[in-house]
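One structure is given below, encoded as structure tokens.
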Amino acid sequence: MKYKIFGEKSVPNLPWQDMPDNCNDIIWRYSANPIIKRDAAKNANSIFNSAVVPYNNGFAGVFRVDDTGRNMQLRSGFSKDGINWTISDKRIEFVSEKDVPQPFEYGYDPRVTKIDDKYYISWCNGFNEKPTIGLAYTTDFINFIQLENAFLPFNRNGVLFPRKINGNYMMLSRPSDNGHTPFGDIYISQSPDLTFWGMHRFVMSPISPWEKTKIGAGPVPIETERGWLIFYHGVLTSCNGYVYSFSAALLDSEEPWKVLKRGSRYLFNPRELYECVGDVPNVTFPCASIVDADTGRIAVYYGCADTVTGLCFTTVDKVIDWIDENSL
């Protein structure tokens, strides 16, 4: 392993499949994708754009499950191997620890970040029927405590860093509007206590054609000796609608609003039938990554066509070397 990783632990049971022969891609798909079918839980229309983490000797997650009434729900789930999942038949019931006045309205595109002994969930929550970033935490993926919404509407793609930086929690997000936003930059905000957010900083805008419509943060940032490695999605507006792909960038370790290097092209985009055909065609949307500190292996969980969940693989070394060779 070329680049040192900070903050991550050994995950010897990381779901993994070696790169296929004659594959020249930096990120490659699991051969048995999709790992979670659209009806893998009771009354589910689709299961996608979800977040998983190592938990006990297996894995746990928070899943976006749109039910057959097309209600956007969050449900918890568990797995021994990170591939075969048991997802709850009921949505998460968030409990307010301090009588939070903004309850759960709807939930989509969650991320899960472990900080100290808690697993923090950030998701797109309704705030008076307008999208913003909800926050909650759990220690067991059974009981969930909801905190104050992080921001005013309109906002999406809230992603917490896995540690405080210079004494503050930090979160990436994408200010937006009330619809299927045809614009979007990534910003970062800071908080001393996960309640009061400020010191907002611009991070980056769409530049290349593949991401020209908008961009947004993906999985939890990975801290390396070269800086914070992030995957982010970008959207192209084609003559047949949006196309969601994803790429990677490196942010400064102590001032993560500073972009050190950024890929000039996408790393991964819709190619397979389950990514191109579904409720929303042509979407590959990463929400989670699991990293093994011993090998630098990365398993990335991503939503496919807003319908099912896929799994793909890479390594820290491969992605950083690719950024070096293909940076803007």
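Keep in mind the model is a prediction, meaning the values are calculated, not measured.
Here the straight-line distance linking atom CD1 of Ile215 with atom CD1 of Ile186 works out to 4.0 Å at 0.5 Å rounding. To the nearest 0.5 Å, atom CG of residue Asp109 and atom CZ of residue Phe48 are 6.5 Å apart. Here CD of Glu8 is found 9.0 Å from CD of Glu223. Values are rounded to the nearest 0.5 Å.
A heavy-atom distance below 4.5 Å is not found between the side chains of Lys214 and Leu236. A heavy-atom distance below 4.5 Å is not found between the side chains of Ile121 and Ile92.
The backbone N or O of Asn128 sits less than 3.5 Å from a side-chain atom of Glu105, completing a donor-acceptor pair. For Thr237 (side chain) and Thr213 (main-chain N/O), no donor-acceptor pair under 3.5 Å exists by modelled atom type. Without hydrogens or angle criteria, Asp292 side chain to Val11 main chain gives a donor-acceptor distance under 3.5 Å. At distances below 3.5 Å, not a single donor-acceptor pair connects side-chain atoms of Asn149 with backbone N or O atoms of Phe127. Remark: the backbone N or O of Gly69 is paired with a side-chain donor or acceptor of Asp67 at under 3.5 angstrom. Judged by distance alone, the side chain of Arg156 and the main-chain N or O of Ser173 form no donor-acceptor pair under 3.5 Å. In this structure, Gln17 contributes its side chain and Ser31 its backbone to a donor-acceptor pair below 3.5 Å. The backbone N or O of Ala217 lies less than 3.5 Å from a partner atom in the side chain of Arg111, making a donor-acceptor pair. A donor-acceptor pair under 3.5 Å is absent between the side-chain atoms of Asn43 and the main chain of Thr68, judged by distance alone.
In the displayed structure, Lys164 atom NZ is contacted under 6.0 Å by more than 12 heavy atoms of other residues, nucleotides or ligands. Counting non-hydrogen atoms of other residues, nucleotides and ligands closer than 6.0 Å to CG of Asn57 gives a total of 12 or fewer. Annotation for Lys114: atom NZ counts as buried by contact number, over 12 foreign heavy atoms lying within 6.0 Å. Summarising the local packing, CG of Asn240 is surrounded by 12 or fewer heavy atoms from other residues, nucleotides or ligands at distances under 6.0 Å. No more than 12 heavy atoms of other residues, nucleotides or ligands lie within 6.0 Å of NZ in Lys9, so this atom counts as exposed by the packing criterion.
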Query - Chi angles and distances behind the side-chain hydrogen bond (donor to acceptor under 3.5 Å, both in side chains) call for Asn71, Asp66 - result: CA-CA 5 Å; Asn71 300 295; Asp66 289 5; over 6 Å; no
Query raised in the report: Between Phe141 and Tyr55, is a ring pair (Phe, Tyr, Trp, His ring centres under 6.0 Å) present by the stated rule, with each step listed?
Result: CA-CA 9 Å; Phe141 289 89; Tyr55 179 73; 5.2 Å; yes
Requested in this report: Would you please test Asn282 and Asn269 for side-chain hydrogen bond (donor to acceptor under 3.5 Å, both in side chains) and show each step?
Outcome: CA-CA 8 Å; Asn282 302 317; Asn269 84 318; over 6 Å; no
**Report entry** Asp185/Ser205 under side-chain hydrogen bond (donor to acceptor under 3.5 Å, both in side chains): CA gap, chis, key distance, verdict
**Finding:** CA-CA 5 Å; Asp185 301 335; Ser205 293; 3.1 Å; yes
Requested in this report: Using the salt bridge (Lys or Arg N to Asp or Glu O under 4.0 Å) rule, take Glu275 and Arg29 through it: C-alpha gap first, then chi angles, then the decisive distance, then the call.
Outcome: CA-CA 11 Å; Glu275 299 162 347; Arg29 291 165 175 82; 2.8 Å; yes
Report task. For Ser208 and Arg265, run side-chain hydrogen bond (donor to acceptor under 3.5 Å, both in side chains): C-alpha distance rounded to whole Å, both residues' side-chain angles, the deciding distance at 0.1 Å, then the answer. Result -> CA-CA 7 Å; Ser208 301; Arg265 304 192 298 274; over 6 Å; no
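Checked against the 6.0 Å centroid threshold, Tyr302 and Phe285 do not count as a close aromatic pair. Aromatic ring centroids of Trp228 and Phe161 lie under 6.0 Å apart. For Trp28 and Trp16, the gap between ring centers is short of 6.0 Å. Checked against the 6.0 Å centroid criterion, the rings of Tyr187 and Trp257 do not qualify as a close aromatic pair. Two rings, from Tyr106 and Tyr108, have their centers less than 6.0 Å apart. Between Tyr137 and Tyr119, the ring center distance fails the sub-6.0 Å criterion. Trp123 and Phe94 have their aromatic ring centers within a separation under 6.0 angstrom.
A side-chain donor from one of Asn45 and Arg38 sits under 3.5 Å from a side-chain acceptor of the other. Side-chain N/O atoms of Asp294 and Ser10 include a donor and acceptor closer than 3.5 Å.
Heavy atoms only, all atoms of each residue included: Ile83 and Pro15 are closest at CG1-CB, 3.9 Å. A pairwise comparison of heavy atoms in Glu129 and Asn178 identifies O-OD1, 3.9 Å as the closest pair. The two residues Val159 and Val220 come nearest to each other via the heavy atoms CG1-CA, 3.8 Å. Closest approach of Ser50 and Cys287 over heavy atoms only: O-CB, 3.1 Å. Between Asp279 and Asp306 the shortest heavy-atom distance is CB-O, 3.9 Å.
Between Trp197 and Phe151, the angle of the ring planes goes over 60°, which puts this pair in the perpendicular group of the 30/60° scheme.
Cluster annotation: Ile27 and Tyr30 are assigned to distinct hydrophobic clusters (Ile/Leu/Val/Met/Phe/Trp/Tyr, side-chain heavy-atom contacts under 4.5 Å, transitive).
Under the 4.0 Å criterion applied to side-chain N and carboxylate O atoms, Glu325 and Lys261 are not assigned as salt-bridge partners. Taking the charged nitrogens against the carboxylate oxygens, Glu254 and Arg163 do have a contact shorter than 4.0 Å, which makes a salt bridge.
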